[in-house]
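Throughout, residue positions are numbered sequentially from 1 according to the sequence presented.
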Amino acid sequence: MDQQKEQKNIPLAGELPEKTENSAQDAKPTIVDLTAVKDYSHLPIGAQASLQLDKKSLQTENPPAKPTNNIVPKSVLKNDSSKKFFKIAVVIFGLFLLCFLGFLALSVTNLDTKFIKITLNGFITDANTGEPVVNASVLINNIEKTKTNEQGQYSISNLDYGDASVTIKADGYDDKTENVKVTKVLLDYSTRKDFSLTSSLTGVLSGKFIPTSQDYKFTNDELIIGEKQYKISDDGTFSVSNVKVGELPFSFKSISYKDISQVINVLPGNNQIPEIKLTAAGDIIGELKSYVKEDLVLNTKFYVENILQDQVTISEDGKFAVKELDTNKKYKIRVTAEGYKTRDYEINIKQGENQLFNFRLVEEGIAIFPMSMGTNETSPKRLFKSDFDGYNLEEISDNEAIDLKSKFYSIENQKLYYQSTISNTYKQIRTGKPLNVPYVFDVKTSVEDRLLIDTSNLSILSANYIAGKMFNLYIKQGSQNLQGLQIMNIDGSNRQDIKEQDVNSKTFENMIISNNGNVALYSYNTNGQDELYLFNIQNGTSQEVIKGKEITVHDISENGNLILISRENPNTSLIDLALITVSTDDLRTLKENIKGEGYQFVKGDTNKILFFEERESRSNIYTFTIDRSQEEKITSLTPDYEISGIYQESNLVFYFTNKGLLVLDLNKPKNFKLVSSEAFAYL
């Protein structure tokens, strides 16, 4: 019983402890540790199994691992590792510090150099220029160790601590030897030593020029040493390196100061020239270009009083200078060149550059042109001559009765031809008016001769001076209305009748004689049609060339085979320029609806036509090449120039404008070559 009672006091699985009367008050809550291992061996086997089963049901699937007494926490392990690493580091650092202090003690006492070698390095440069010396030999105690590279750098390793005799050798330089202490700084086992070599072939040359003005800049001056030109500073100083050693020419060239030319001896190293005081001077400068064609003229000679010929310099581009002239002094200069006018000039020299006033190289020859003796159109006109630039203007004659349109000047023989009514001795038949007699004026001798000898039965004369023939248009004696046309020699001999007609119904026009004197052209109007005829002077026969409206003969070739005309086109009623070839009876239209003026063959070239025309408010001269039908503008005048007429003398073309008479060379035409602003435009 007692045992049963004791057993009943032991709660079974799932039972609660029995309550006593004082349990509610005195008993404390019992904490059951389900995970604790309990001994159920005293229980029956079934009860033990039941209790084991109940225990499993109360456990989680993955119960947390319960630390045992033989497992150390990770935090403890980590702390232990840090302490061990720190101890090791302290030991290593201590060993390193001990070694370093020991090595430092060796370094301070230079005992380390017994087993560690030293390197010597540096740069070798030119003492004058600072440029690297390439391929220089570096010797230690007279034994070559290395050579410098492209940068002038050298490096020699494996040297002992202490003094070393270093020698530098290089081509063109003096040898240089120095004692160098091969040492180190703490743990830097290298020694830096640079060398500069003095050239045995070149030196430095320096000096200073002293100008007369403190504000003067040497901008355009030249300093030449040997064959090279060097710069001069604004303050007049100069310093030139790499100057060849020995005697060299030294020159100073200036526009504002007298040149200096001497020989100096240059030594290796620095050469200082004493200050050079400059003397003020002036130069005459200019350009040697011809006036009309603007060609270079290099065979020019300058004659200047009291100077040497070598003071005159002429460059290949035609620039000239007369140098080394004293300032505030007047010089007379004569300029000559073959084929050009000789001119004399006078100039007062100031310091620096001096331009010759109105300096021109004018082609030989003269221009002949009329000038008005008054201010209005009816004022008398006289002929003058001048150089092509209007210089040396001179009156040819006081003859105010010259027929200006008849004027012709032959450049080749320097003779002037014209017709004049100056003489009251010679009269026209029937009318009694003064006869327009042909004359020749020798420009070289200023002698005038009358060409006409037989003056009988003459009226209106029109001469071709090259052909030596002229027309005579007259009223036949014994008839009031019968008009006759004759051709004769210019002296009035060998007269040939060409045509007679009623003066009231027909008027002769377009009377032109070929330069060879074999052909004469003339025309007259019948029933509103112009009829152009060619008269063969040799056999005395006439043939009709063309018939039409508004026919104007502009020019005829020298042999008379080509005739340049303008006419009204029968299909368009416009005025066309045409060419007639007499030998083939061919008519070719060259230009349609022409607006130009002054159409004429280029002298010596009947394949080219010359004329002037206004286009787009600009008046210019043109050429037209016949076989290519190609037009070319040979002037480029500004809109303020207006051409009123052109004429040729040899290869020169003179053209009248509202600003005067201008000239150009057909072989090399240039604009604005003024002959005279006072020339009278008579064409």
Checklist entry - When rounded to the nearest 0.5 angstrom, what is the spacing between OG in Ser372 and CD in Glu400? => result 9.5 Å
Checklist entry - Any sub-3.5 Å donor-acceptor pair from Gln529's side-chain atoms to Thr526's backbone N or O? => result no
Item to check | Heavy-atom donor-acceptor pair, Asp283 side chain to Leu325 backbone, under 3.5 Å | outcome: no
Item to check | Whether Asn472 side chain and Asn457 backbone form a donor-acceptor pair below 3.5 Å | outcome: yes
Checklist entry - Does CG in Asn413 sit with more than 12 non-hydrogen atoms of other residues, nucleotides or ligands closer than 6.0 Å? => result yes
Checklist outcome for this item: Correct closest heavy-atom pair for Glu294 and Lys289 would be O-CD, 4.0 Å
Checklist entry - side-chain hydrogen bond (donor to acceptor under 3.5 Å, both in side chains): which pairs involve residues 575-584, sequence neighbours left out? => result Asn561-Ser583, Asn569-Asp576
Checklist entry - For Phe471 and Leu485, what are the C-alpha separation, side-chain angles and deciding distance, and is it a side chain to side chain contact (heavy atoms under 4.5 Å, CB included)? => result CA-CA 7 Å; Phe471 283 106; Leu485 181 64; 3.8 Å; yes
Checklist entry - If you draw the axis of the six-membered ring of Tyr647, does the NZ or CZ of Lys407 fall within 45° of it and under 6.0 Å from the ring centre? => result yes
Checklist entry - Do other residues, nucleotides or ligands put more than 12 heavy atoms under 6.0 Å from Glu544 CD? => result yes
Checklist entry - Judged by atom type as modelled, is there a donor-acceptor pair below 3.5 Å linking the side chain of Glu531 to the main-chain atoms of Tyr524? => result no
Next on the checklist: Do Thr625 and Glu632 make a side-chain contact, defined as non-hydrogen atoms from C-beta onward lying under 4.5 Å apart?
Outcome noted: no
Item to check | Close side-chain approach of Tyr533 and Ile498, heavy atoms under 4.5 Å | outcome: no
Item to check | Positive for side-chain contact (heavy atoms from CB on, under 4.5 Å) with Tyr340, one of Val335, Val297, Thr300 | outcome: Val297
Checklist entry - Any side-chain donor-acceptor pair under 3.5 Å between Asp295 and Ser290? => result no
Next on the checklist: If you compare all heavy atoms of Ile349 against all heavy atoms of Ile284, which two are closest, and at what distance to 0.1 Å?
Outcome noted: CD1-CG1, 3.7 Å
Next on the checklist: I'd like to know if the side chain of Glu363 and the backbone of Val292 have a donor-acceptor N/O pair within less than 3.5 Å.
Outcome noted: yes
Next on the checklist: Surrounding CG of Asn527 (heavy atoms of other residues, nucleotides or ligands, distance under 6.0 Å), is the total greater than 12?
Outcome noted: no
Item to check | Over 12 non-hydrogen atoms of neighbours within 6.0 angstrom of CD in Glu500 | outcome: yes
Checklist entry - CG/Asn510 to CD1/Ile563 distance, rounded to the nearest 0.5 angstrom? => result 10.0 Å
Item to check | With sequence neighbours excluded, residues passing side chain to side chain contact (heavy atoms under 4.5 Å, CB included) with Lys301 | outcome: Tyr303, Thr336
Item to check | 4.5 Å side-chain heavy-atom contact, Asp387 and Arg343 | outcome: yes
Next on the checklist: In the structure I gave you, are the side-chain heavy atoms of Tyr417 and Leu451 within less than 4.5 Å of one another anywhere?
Outcome noted: yes
Checklist entry - Can you list the steps and then say if Asn651 with Asp665 is a side-chain hydrogen bond (donor to acceptor under 3.5 Å, both in side chains)? => result CA-CA 6 Å; Asn651 59 315; Asp665 190 310; 2.7 Å; yes
Item to check | Where Phe654 and Ala367 come nearest, the two heavy atoms and their spacing | outcome: CE2-CB, 3.7 Å
Item to check | Thr572 vs Asn593 side-chain heavy atoms within contact, under 4.5 Å | outcome: no
Next on the checklist: Give me the atom names and distance for the closest heavy-atom approach of Glu642 to Asn658.
Outcome noted: N-OD1, 2.8 Å
Checklist entry - For the atom pair CG (Leu296) and CG (Leu288), what is the distance rounded to the nearest 0.5 Å? => result 8.0 Å
For residues 675-683, which side-chain N or O atoms pair as donor and acceptor with protein atoms under 3.5 Å away, sequence neighbours left out?
unit_1: Ser676; atom_1: OG; unit_2: Glu678; atom_2: N; d: 3.0
unit_1: Ser676; atom_1: OG; unit_2: Ala679; atom_2: N; d: 3.4

Next on the checklist: For a side-chain hydrogen bond (donor to acceptor under 3.5 Å, both in side chains) check, start with the C-alpha distance between Asn518 and Ser514, then their side-chain angles and the critical distance, and finish with the verdict.
Outcome noted: CA-CA 7 Å; Asn518 294 332; Ser514 64; 6.0 Å; no
Next on the checklist: Between Tyr599 and Phe624 (judged by ring centroids, cut-off 6.0 Å), do the two rings come close enough to count as a pair?
Outcome noted: no
Checklist entry - Are Gln648 and Val653 side-chain neighbours, meaning at least one heavy-atom pair lies under 4.5 Å? => result yes
Checklist entry - Which pairs with one or both residues in residues 445-454 pass salt bridge (Lys or Arg N to Asp or Glu O under 4.0 Å), sequence neighbours excluded? => result Asp454-Arg495
Item to check | Derivation and outcome, ring pair (Phe, Tyr, Trp, His ring centres under 6.0 Å), residues Phe359 and Phe320 | outcome: CA-CA 12 Å; Phe359 175 78; Phe320 74 86; 5.1 Å; yes
Checklist entry - Minimum heavy-atom separation for Gln419 to Asn436, with atom names? => result NE2-O, 3.0 Å
Checklist entry - Arg615 and Glu631: salt bridge (Lys or Arg N to Asp or Glu O under 4.0 Å), yes or no, with the steps? => result CA-CA 14 Å; Arg615 300 177 184 177; Glu631 186 177 274; 2.6 Å; yes
Checklist entry - Between Thr657 (side chain) and Tyr641 (backbone), is there a donor-acceptor pair under 3.5 Å? => result no
Check residues 549-556 and write down every donor-acceptor pair under 3.5 Å in which the side-chain atom is one partner and the other belongs to a residue at least two apart or another chain.
unit_1: His554; atom_1: NE2; unit_2: Ser566; atom_2: OG; d: 2.9
unit_1: Asp555; atom_1: OD2; unit_2: Phe601; atom_2: N; d: 2.9

Checklist entry - Are the charged groups of Glu616 and Arg618 less than 4.0 angstrom apart, N to O? => result no
Checklist entry - Which heavy-atom pair separates Leu637 from Asn671 by the least distance, and what is that distance? => result CD2-OD1, 4.3 Å
Checklist entry - Would you say the side-chain atoms of Lys499 pair up with the backbone N or O of Asp497, donor to acceptor, closer than 3.5 Å? => result no
Next on the checklist: Return the CG to CG distance between Leu534 and Asn536, rounded to the nearest 0.5 Å.
Outcome noted: 7.0 Å
Next on the checklist: Would the distance check show the side chain of Asn489 and the main-chain N or O of Asp491 forming a donor-acceptor pair, the cut-off being under 3.5 Å?
Outcome noted: no
Checklist entry - So with a 6.0 Å cut-off around CD of Glu316, is the heavy-atom count from everything else above 12? => result no
Item to check | Ile453 side, atom CD1; Ser456 side, atom OG - distance, nearest 0.5 Å | outcome: 12.0 Å
Next on the checklist: Applying ring-ring contact (aromatic ring centres under 6.0 Å, His included) as the test, list every pair that has at least one member in residues 373-408; sequence neighbours left out.
Outcome noted: none
Next on the checklist: Are Ser423 and Tyr439 packed together at the side-chain level, in the sense that at least one heavy-atom pair is separated by less than 4.5 angstrom?
Outcome noted: yes
Next on the checklist: Taking atom NZ as the centre, does Lys547 end up with more than 12 heavy-atom neighbours from other residues, nucleotides or ligands that are less than 6.0 angstrom away?
Outcome noted: no
Checklist entry - Say you draw a straight line from CG of Leu416 to NZ of Lys385; how long is it, rounded to the nearest 0.5 Å? => result 10.5 Å
Checklist outcome for this item: Test salt bridge (charged side-chain N to carboxylate O under 4.0 Å, His left out), reference Asp389, set Lys673, Arg360, Lys341, output is Arg360
Next on the checklist: Are Lys415 and Tyr465 packed together at the side-chain level, in the sense that at least one heavy-atom pair is separated by less than 4.5 angstrom?
Outcome noted: no
Next on the checklist: Tell me which one of Leu458, Leu452, Leu435, Thr421 satisfies side-chain contact (heavy atoms from CB on, under 4.5 Å) with Tyr426.
Outcome noted: Leu435
